[in-house]
Amino acid sequence: MNKKKIVLFVACLAILLALQIKFLLPLMYDIAASDLFLVESKDNADPMPISNDMTALAFTHCNSHINSQLGSTETSAAFANQPTNAWSIGNYEYIINATVEIATKDAPSTPYQYVCRIQYENGDDLSGAGNIENWSVEGLTGLPDL
């Protein structure tokens with residue numbers, strides 16, 4: 001009886017594997033190759049760090065977001081004049097890498113490298129790019145307690 005169960009288990013496993021290879025995998029490849037995940041915009045991704053008006057605005061808005069998150073009058077932040085690196089990952093979404101010095105009244109200033117992922121939400125309409133309400137911070141890392 002045990003031998004029959006093992007053979008049945010192996011046969012079912014082989015059938016399941018064959019079904020995945022023959023039917024499920026080609027379907028997944030077709031979905032990935034389709035336009036389902038394609039977002040049309042004038043802003044193309046660039047694997048190299050760039051510097052343009054939109055990355056400068058993204059840097060400014062990330063800094064404003066960090067200032068608003070610190071919120072305490074006992075904590076101050078001194079930001080660099082420009083980001084260390086900035087990348088456009090397409091569809092008006094940017095990765096900003098920069099330095100900030102955070103000081104509290106009890107401790108001297110400490111430099112931190114932070115990474116901010118931010119997106120401009122109005123697409124190709126750049127008329128509202130200066131307004132922080134049109135941006136959303138998708139992620140922030142490298143800073144303590146934020």
Side-chain angles (χ1 to χ4, degrees), residues 1-72 74-75 77-80 82-104 106-126 128-129 131-146:
M1 184 80 175
N2 283 339
K3 206 172 202 182
K4 289 180 184 180
K5 285 182 181 179
I6 292 172
V7 170
L8 182 62
F9 176 74
V10 170
C12 289
L13 192 61
I15 290 170
L16 182 63
L17 184 62
L19 286 174
Q20 284 183 334
I21 291 172
K22 290 292 184 181
F23 297 107
L24 192 60
L25 221 50
L27 177 66
M28 298 306 260
Y29 283 136
D30 289 342
I31 291 171
S34 73
D35 291 342
L36 181 64
F37 300 107
L38 181 65
V39 176
E40 296 278 339
S41 78
K42 294 179 185 175
D43 185 44
N44 296 323
D46 192 348
M48 299 301 295
I50 62 169
S51 178
N52 59 27
D53 292 339
M54 290 301 283
T55 57
L57 284 169
F59 172 63
T60 302
H61 292 316
C62 281
N63 292 346
S64 297
H65 177 75
I66 292 169
N67 262 336
S68 71
Q69 293 295 312
L70 291 175
S72 172
E74 299 175 2
T75 305
F79 297 96
Q82 61 186 13
T84 307
N85 287 310
W87 294 271
S88 172
I89 57 176
N91 195 31
Y92 300 99
E93 194 165 354
Y94 303 95
I95 303 287
I96 306 297
N97 178 358
T99 304
V100 60
E101 289 190 18
I102 298 177
T104 60
D106 298 333
S109 65
T110 306
Y112 294 98
Q113 281 287 117
Y114 72 88
V115 176
C116 176
R117 181 176 172 182
I118 188 167
Q119 180 163 12
Y120 178 63
E121 296 175 340
N122 288 357
D124 292 332
D125 178 19
L126 301 180
N131 185 355
I132 196 167
E133 297 296 321
N134 296 328
W135 293 79
S136 64
V137 174
E138 305 294 326
L140 181 64
T141 187
L143 298 176
D145 302 327
L146 288 184

Can you pull the salt bridge (Lys or Arg N to Asp or Glu O under 4.0 Å) pairs that have at least one residue in residues 88-102, sequence neighbours excluded? E93-R117
Show me the pairs that pass salt bridge (Lys or Arg N to Asp or Glu O under 4.0 Å) and involve residues 9-18, at least two apart or across chains.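 Checked against salt bridge (Lys or Arg N to Asp or Glu O under 4.0 Å) - neighbours excluded - no pair reaches residues 9-18.
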Could you list the donor-acceptor pairs under 3.5 angstrom formed between side-chain atoms of residues 82-92 and any protein atom two or more places apart in sequence or on another chain?
from	atom 1	to	atom 2	distance (Å)
S88	OG	D43	OD1	3.4
S88	OG	D43	OD2	3.2
S88	OG	N44	O	3.4
Y92	OH	D124	OD1	2.8

Taking side-chain contact (heavy atoms from CB on, under 4.5 Å) as the test, write out the residues that go with [X], two or more places apart.
{"X": "A103", "answer": "S76, S109"}
{"X": "A58", "answer": "Y94, I96, I118, W135"}
{"X": "V100", "answer": "A77, F79, I102, Y112, Y114, L143"}

Step through the shown structure and confirm whether more than 12 heavy atoms of other residues, nucleotides or ligands are within 6.0 Å of CG on D53. no
With sequence neighbours left out, the residues meeting side-chain hydrogen bond (donor to acceptor under 3.5 Å, both in side chains) with E121 are S136
Under the side-chain hydrogen bond (donor to acceptor under 3.5 Å, both in side chains) test, residues paired with T60 that sit two or more places apart: none
Using the disulfide (SG to SG under 2.5 Å) rule, collect all pairs that involve residues 3-57, keeping only residues at least two apart or in two chains.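 Sorted result for residues 3-57: empty, none.
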List the atom pairs, donor and acceptor, that lie under 3.5 Å between side-chain atoms in residues 18-38 and the rest of the protein, sequence neighbours left out.
from	atom 1	to	atom 2	distance (Å)
S34	OG	I31	O	2.7
S34	OG	L36	N	3.2

Quick one: pull up SG in C116 and CG in N63 and give me the separation to the nearest 0.5 Å. 8.0 Å
Does a side-chain heavy-atom distance below 4.5 Å link I95 with V115? yes
Between A98 and F59 the two heavy atoms that sit nearest each other are CB-CE1, 3.5 Å
Could you tell me whether a side-chain N or O of H61 sits under 3.5 Å from a main-chain N or O of N134, the two making a donor and an acceptor?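 Here the side-chain-to-backbone pair does not exist.
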Output, in order, the C-alpha distance, side-chain angles, deciding distance and verdict of side-chain contact (heavy atoms from CB on, under 4.5 Å) for L140 and C62. CA-CA 9 Å; L140 181 64; C62 281; 5.9 Å; no
